[in-house]
Enquirer: 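The structure under discussion is supplied below as structure tokens; questions concerning it will follow.
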Amino acid sequence: MKYFDYAATTPPYPEVVRAMGEMMQQHYGNPSSLHRYGEEADRLLRRAREVSAGVLGVQPGELIWTSGATESNNLALKGAAMRRGRLQGHIITTAIEHASVYEACRQLEQLGFEVSYLDAEPDGTISLERIQAAFREDTILFSMMHVNNETGAVQPVMEVARWIKKHHPRTIVHVDGVQGFGRLAPLPLGEGSIDLYSLSAHKLRGPRGVGLLYVKQGTELLPLLAGGGQENGYRSGTENIAAIAGMTKALRLFAEKQTTQEQHLRLLSDELRQQIRTIPGLLLTEVKEVAPHIVHFTYPGMKAEVVLHSLEQQGMLVSTQSACASRRAKPSRVLRSMGMDAEAAMSGIRISLGDEHTAEDITQLVAALRQTVQALRPLERR
């Protein structure tokens, strides 16, 4: 089987697996314990924080370990909105966010906050002009993803963040960096325009069940978990040292390979896009600026899961919407926001690439796509 779903999850680096195995066998102390094993675990935890902070260009004390991007996004949004006991205010996000941001905002609405969900342009981006028009005097929080996990559209996060800090300096800015980190040039977090930044290890060839949240010094959050006060009081619970060590190693390796990986992925994805344009019935989703690892197209008249399973029978594993939404037989919220009709939004296919893919893999995938379309053409719109 050929795996083309790296935006959903990635195979861990062998070095990550080895590091985690060593940690689980040899360093199982609780970092909050005062004895030798606890102090050793605490030292490893502090070292992981220092290395990860160095990779991101921030201070070690500005990082919080979480169970993944869903928790990081929920802590960022709910923690920032409800700080100091607040239960009202205006929040701006977009209609194309990952479910962990979109649904967290829906919950905040139920608590009394007002949320503006901005639609994307047909080119997949959220324009600065649309964001500017949505701002109000009581806007307390803004959240936007760096790269859309479905279409690969790159969002102008730094342009937006700098404008917000210049004109609305009290508004907290959150960026979901899950699909952007290591695939694009790193965001300058140390500059100060971004207050909160979320990452997930398993998108970076690290383990599942661990992530981090960057919290700029001086940014207040209401902790969502009460307990022993770990992670500077922001995230109680005994830290998963093995998973954190695995994420740290993956973070470092992924960052080190960013330039060469981006070049490699762009060559492959450009060739794939060019070939998709030549297949009758398939419509490439053209976005203003696209991340190097995601290629998206629609097949109007054919449900996405039919295409997916046809490709799977030929040994090609792709996805429909984001992994979190792919099991729901609904039109893609992201594609609808871009102005596509319901039929097209039901037919989207996402192909996401990794550093292990080759030109031969692309050739085989294109051949499978052509065969799939030829086989399915008599069934269109039935």
Side-chain angles (χ1 to χ4, degrees), residues 5-10 66-81 91-109 115-120 124-126 131 141-157 160-161 172-184 187 194-204 206 208-214 224 285 287 289-291 293-296 304 319-328 330-338 340 345 348-352:
D5 200 13
Y6 273 62
T9 196
T10 58
T66 69
S67 63
T70 291
E71 184 185 344
S72 293
N73 286 339
N74 272 261
L75 175 56
L77 295 172
K78 297 174 183 175
I91 299 168
I92 300 175
T93 188
T94 84
I96 64 171
E97 297 301 307
H98 186 270
S100 59
V101 168
Y102 189 84
E103 295 300 333
C105 286
R106 295 287 296 272
Q107 286 187 325
L108 287 168
E109 282 186 288
V115 182
S116 296
Y117 301 91
L118 306 184
D119 281 325
T125 60
I126 310 295
I131 293 168
L141 175 63
F142 174 84
S143 180
M144 172 188 268
M145 57 183 12
H146 187 189
V147 171
N148 182 263
N149 53 299
E150 194 167 329
T151 65
V154 180
Q155 304 302 323
V157 289
V160 171
I172 291 180
V173 176
H174 167 250
V175 172
D176 178 348
V178 169
Q179 295 292 346
F181 180 85
R183 276 99 175 195
L184 299 170
L187 298 179
I194 295 173
D195 301 297
L196 302 165
Y197 179 77
S198 306
L199 286 180
S200 179
H202 77 101
K203 310 292 189 180
L204 312 173
R208 293 185 181 93
V210 63
L212 62 77
L213 177 65
Y214 159 71
L224 301 187
T285 304
V287 299
E289 180 183 354
V290 66
H293 65 302
I294 295 178
V295 176
H296 188 276
S319 65
T320 54
Q321 304 176 34
S322 70
C324 298
S326 59
R327 293 187 181 274
R328 305 183 192 120
K330 296 181 179 180
S332 161
R333 168 169 49 83
V334 172
L335 301 184
R336 293 289 279 163
S337 175
M338 293 169 60
M340 293 190 190
I349 293 290
R350 179 186 70 184
I351 299 167
S352 47

Enquirer: With no hydrogens and no angle check, is any side-chain donor or acceptor of Thr93 less than 3.5 Å from a backbone partner on Tyr117?
Expert: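 No; judged by distance alone, with no hydrogens or angles, the pair does not exist.
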Enquirer: Say you draw a straight line from NE2 of His293 to CD1 of Ile351; how long is it, rounded to the nearest 0.5 Å?
Expert: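 Between His293 NE2 and Ile351 CD1, I get 13.0 Å after rounding to 0.5 Å.
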Enquirer: Would a distance-only check, ignoring hydrogens and angles, find a side-chain to backbone donor-acceptor pair under 3.5 Å from Ser200 to Gly211?
Expert: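 No; zero donor-acceptor contacts below 3.5 Å.
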Enquirer: Check whether any side-chain heavy atom of Asp176 lies under 4.5 Å from a side-chain heavy atom of Met144, and answer yes or no.
Expert: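 A side-chain contact is absent here, since even the closest heavy-atom pair is not under 4.5 Å.
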Enquirer: Between Ser352 and Tyr6, is there a donor-acceptor pair closer than 3.5 Å when you use the side chain of the first and the backbone of the second?
Expert: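 Confirmed, Ser352 side chain pairs with Tyr6 backbone.
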Enquirer: What heavy-atom pair brings Thr320 and Ala304 nearest, and what distance separates the two atoms?
Expert: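 Distance-wise, the nearest heavy atoms are CG2-CB, 3.4 Å.
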Enquirer: Could you report the tightest heavy-atom contact between Cys105 and Val115, atom names first, then the distance?
Expert: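 What the structure gives for the nearest pair is O-CG2, 3.7 Å.
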Enquirer: Would you name the heavy atoms of Phe181 and Leu199 that are closest together and state the gap between them?
Expert: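 So the two residues come closest at CB-CD2, 3.6 Å.
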Enquirer: Report the distance from atom CD1 of Ile126 to atom CD1 of Ile131, rounding to the nearest 0.5 Å.
Expert: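 So the CD1 of Ile126 and the CD1 of Ile131 are separated by 7.0 Å.
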Enquirer: Kindly give the heavy-atom pair with the smallest separation between Val287 and Gly124, and that separation in Å.
Expert: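 Looking at all heavy atoms of both residues, the closest pair is CG1-CA, 4.3 Å.
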Enquirer: State, with a plain yes or no, whether a side-chain heavy atom of Ile91 is found less than 4.5 Å away from one of Leu108.
Expert: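 Ile91 vs Leu108: side chains touch.
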Enquirer: Before you tell me yes or no, could you show the steps for Arg350 and Asp5 under side-chain contact (heavy atoms from CB on, under 4.5 Å), namely the whole-Å CA-CA distance, both residues' side-chain angles and the distance that decides it to 0.1 Å?
Expert: CA-CA 8 Å; Arg350 179 186 70 184; Asp5 200 13; 3.1 Å; yes
Enquirer: Could you give me the CA-CA distance, side-chain angles and deciding distance for Gln179 and Met145, then say whether side-chain contact (heavy atoms from CB on, under 4.5 Å) is met?
Expert: CA-CA 8 Å; Gln179 295 292 346; Met145 57 183 12; over 6 Å; no
Enquirer: Identify the two heavy atoms, one from Thr125 and one from Gln155, that lie closest to each other, and give their separation to 0.1 Å.
Expert: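 Shortest heavy-atom separation between Thr125 and Gln155 comes out as CA-OE1, 3.3 Å.
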Enquirer: Determine the sole option in Asn148, Asp119, Thr94 for which the side chain to side chain donor-acceptor pair (under 3.5 Å) test with Ser337 is passed.
Expert: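 So the option named by the test is Asp119.
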Enquirer: Determine, step by step, whether Lys78 and Leu224 satisfy the side-chain contact (heavy atoms from CB on, under 4.5 Å) criterion, reporting the C-alpha distance in whole Å, the side-chain angles of both residues, the deciding distance to 0.1 Å, and the verdict.
Expert: CA-CA 8 Å; Lys78 297 174 183 175; Leu224 301 187; 3.9 Å; yes
Enquirer: Output the distance between atom CD (Glu71) and atom OG (Ser100), rounded to the nearest 0.5 Å.
Expert: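 Answer for the CD-OG pair, Glu71 versus Ser100, is 11.0 Å.
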Enquirer: Could you measure the distance from the CZ atom of Phe142 to the CG atom of Leu196? Nearest 0.5 Å is fine.
Expert: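 The CZ atom of Phe142 sits 12.5 Å away from the CG atom of Leu196.
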Enquirer: Please test Asn73 against His174 for side-chain contact (heavy atoms from CB on, under 4.5 Å), starting from the C-alpha separation and ending with a verdict.
Expert: CA-CA 8 Å; Asn73 286 339; His174 167 250; 3.2 Å; yes
Enquirer: Once you round to the nearest 0.5 Å, how far does CE of Met338 lie from OG1 of Thr151?
Expert: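 Here the interatomic distance stands at 5.5 Å.
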Enquirer: Donor-acceptor pair, distance only, cut-off 3.5 Å: does the side chain of Lys203 make one with the backbone of Ala7?
Expert: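 Such a contact is found between Lys203 side chain and Ala7 backbone.
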Enquirer: Have Ser143 and Glu97 got a donor and an acceptor in their side chains that come within less than 3.5 Å?
Expert: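 Side-chain D/A pair, Ser143 to Glu97: absent.
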Enquirer: For Ala95, is there any backbone N or O sitting under 3.5 Å from a side-chain donor or acceptor partner on Arg333?
Expert: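 It does hold such a pair.
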Enquirer: For the side chain of Ser332 and the backbone of Leu335, is there at least one donor-acceptor N/O pair under 3.5 Å apart?
Expert: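 The answer is yes, because a donor-acceptor pair under 3.5 Å joins these two groups.
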Enquirer: Testing the basics here: between Gly177 and His146, what is the closest heavy-atom pair and its distance to 0.1 Å?
Expert: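 Gly177 and His146 have their closest heavy atoms at CA-CB, 4.3 Å.
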Enquirer: Can you tell me how far CG of Leu75 sits from OG of Ser67, rounded to the nearest 0.5 angstrom?
Expert: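 Going from OG on Ser67 over to CG on Leu75, the span is 10.0 Å.
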